[in-house]
Protein chains: 2
Amino acid sequence: MPEMQDDYTPRQRAVLDKALGLLVEGGERALTTAGLARAANCSKESLYKWFGDRDGLLAAMIAHQASKVRARIDGGEKLDHGRFRTHLVDFANDLLQVLGGDVSLALNRLAIGQASREDSRLGALLIERGRHGIDKRAGALLEAGRQRGLIAYGDRDAAYHTFYGLIVRDLHVRMLLGEAGVRQPENYAALAEEAVEQFFVLFGVRKEETTGRDRV
Amino acid sequence: MPEMQDDYTPRQRAVLDKALGLLVEGGERALTTAGLARAANCSKESLYKWFGDRDGLLAAMIAHQASKVRARIDGGEKLDHGRFRTHLVDFANDLLQVLGGDVSLALNRLAIGQASREDSRLGALLIERGRHGIDKRAGALLEAGRQRGLIAYGDRDAAYHTFYGLIVRDLHVRMLLGEAGVRQPENYAALAEEAVEQFFVLFGVRKEETTGRDRV
DNA sequence: CTCGTATCGTACCGTACGGTACGGTTCTGT
DNA sequence: ACAGAACCGTACCGTACGGTACGATACGAG
């Protein structure tokens with residue numbers, strides 16, 4: 001599996017960044033080969049030489065963007081309840097931040113728009129390059145919490161997906177649809193707090209009154 | 001607010017159904033005016049006369065589809081815990097069934113693909129015509145349960161969104177992305193059961209202890 | 001200095017789409 | 001029966017896009 005590092009030259013990376021910019025600004029319709037060549041001061045011939053065809057360009061954009069968002073791994077410090085809780089809240093915040101980001105939304109819209117085409121692998125590529133890192137990080141975090149006896153679950157994937165649902169709810173789709181008033185990063189913190197709170201209600205291990213009486 | 005009933009002639013409805021068929025089968029690229037005219041045995045001129053332009057056609061398709069899915073309202077029988085639970089499970093099942101349906105996925109993909117265009121109202125239209133009915137039904141259901149003392153919440157919208165997240169998790173986006181192996185209707189029942197179970201853990205009222213009252 | 005390579009800018013080609021126009025046909029009301 | 005409207009099928013137009021070709025330019029290797 002790929003090492004999350006694109007093997008493109010700096011020039012090519014700059015072009016891919018321009019392409020992402022066009023995509024974010026104007027959607028798929030704005031991302032034409034001629035437009036990209038003009039915006040990036042390169043020739044269409046170079047685009048086709050580097051990326052093969054338009055689909056190759058789109059795939060390269062996803063790979064390039066994924067290579068920039070390095071999934072940081074949480075250090076293995078000693079986990080008490082408070083630290084674990086903080087890590088979960090951080091994860092939830094990061095997740096909302098990522099999903100609500102301009103580039104993420106634009107790439108997801110692109111991949112979803114292409115999903116009907118049978119020969120398009122953009123969706124799988126997006127999940128493989130983008131989601132799996134997040135999943136790994138969350139899985140490790142949950143596993144660490146379970147081993148310390150802070151939470152309990154039968155199926156880690158099920159617990160993770162529940163956690164994901166508690167955090168994201170229907171926000172992702174509504175942001176993808178462009179609904180007004182949904183993208184409000186100032187609310188992410190509160191959403192993350194509440195999701196973690198609910199996650200602990202579902203999967204937390206009662207320590208007989210050891211539950212930190214945090215303010216909510 | 002519209003009455004969830006499209007004011008189109010049967011002929012026009014048949015054309016809109018053909019259009020939905022083309023969209024489901026081949027995505028947005030397959031839905032061309034010429035293609036639709038050929039498939040529906042009508043003239044392009046009629047299409048433009050009836051729907052104005054392509055965007056009008058797309059909007060009409062959404063309205064037409066929404067008019068077919070009538071949000072049935074649950075009868076007001078006496079609610080005991082078992083009945084209430086059954087209604088919640090039914091709602092969860094219906095929700096998964098709807099979101100995973102061919103037409104719903106195709107229309108959502110279409111609206112999401114257009115979401116970048118500033119002048120596109122498809123996303124808002126889809127939410128307005130499709131989601132609001134579901135939201136109303138769920139809201140009424142939750143409110144009935146609360147008034148019977150079966151569940152407790154401070155904010156109904158928050159409780160509903162949590163319920164939604166527990167049911168759908170990340171399934172909707174992954175289905176939209178076309179990930180293989182995600183659309184498995186045979187799993188919906190188990191997912192619905194588990195979501196309702198978790199929902200009761202979070203918001204259910206124990207007959208003995210009346211705790212679990214959360215603010216926020 | 002010179003050759004080769006990579007790249008740029010532009011021009012070009014074929015295609016496909018949105019939208020319009022028009023002659024011929026069917027349907028409807030009187 | 002007849003007039004008018006609605007509609008079909010097709011042809012047509014302008015545009016825009018993906019992809020290719022080509023001459024011009026910059027630059028490193030020998």
Handout entry: Qualifying residues under side chain to side chain contact (heavy atoms under 4.5 Å, CB included), relative to A/Arg38, sequence neighbours excluded
Key = A/Ala34

Practice task
State which residues pass side chain to side chain contact (heavy atoms under 4.5 Å, CB included) with B/Ala195; sequence neighbours excluded, sorted by chain then number.
Solution key: B/Leu166, B/Ile167

Practice task
Would you check if there is a donor-acceptor pair between the side chains of A/Arg109 and B/Ser116 at a distance under 3.5 Å?
Solution key: no

Problem - Polar side chain donor-acceptor pair, B/Tyr160 to B/Asp135, under 3.5 angstrom - result: yes

What pairs with [X] under side-chain hydrogen bond (donor to acceptor under 3.5 Å, both in side chains), at least two apart in sequence or on another chain?
| X | answer |
| --- | --- |
| B/Gln184 | B/Asn187 |
| A/Arg121 | none |
| A/Asp94 | A/Arg72, A/Arg137 |
| A/Asn41 | none |

Handout entry: Residues that A/Tyr153 engages under ring-ring contact (aromatic ring centres under 6.0 Å, His included), provided they are two or more places apart
Key =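 If we apply the ring-ring contact (aromatic ring centres under 6.0 Å, His included) test to A/Tyr153, skipping adjacent residues, there are no hits.
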
Practice task
Just jot down the ring-ring contact (aromatic ring centres under 6.0 Å, His included) partners of B/Phe51, sequence neighbours excluded, or say none.
Solution key: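 Applying ring-ring contact (aromatic ring centres under 6.0 Å, His included) to B/Phe51 gives B/Tyr8.
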
Practice task
Identify the 5'-most and 3'-most nucleotides of DNA chain D with at least one atom closer than 4.0 Å to a non-hydrogen atom of chain A.
Solution key: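 Listed 5' to 3', the contact boundaries are D/dC17 to D/dC22.
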
Handout entry: Ion pair A/Arg85/A/Glu197, N-O distance below 4.0 Å
Key = yes

Look for any protein N or O under 3.5 Å of an N or O in nucleotides 27-29 of chain C and output each such pair with its distance, or none.
none

Practice task
Take B/Arg54 and B/Leu47 through the side chain to side chain contact (heavy atoms under 4.5 Å, CB included) test and state the conclusion after the steps.
Solution key: CA-CA 9 Å; B/Arg54 190 169 188 272; B/Leu47 293 180; over 6 Å; no

Problem - Residue-level proximity of residues 24-46 of chain A to DNA chain C when a heavy atom falls under 4.0 Å - result: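 Heavy-atom cutoff 4.0 Å gives A/Asn41, A/Cys42, A/Ser43, A/Glu45, A/Ser46.
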
Exercise for the section: With a 4.0 Å heavy-atom cut-off, tell me which residues in residues 50-58 of chain A come close to DNA chain D, sorted by residue number. Expected result: A/Asp53, A/Arg54

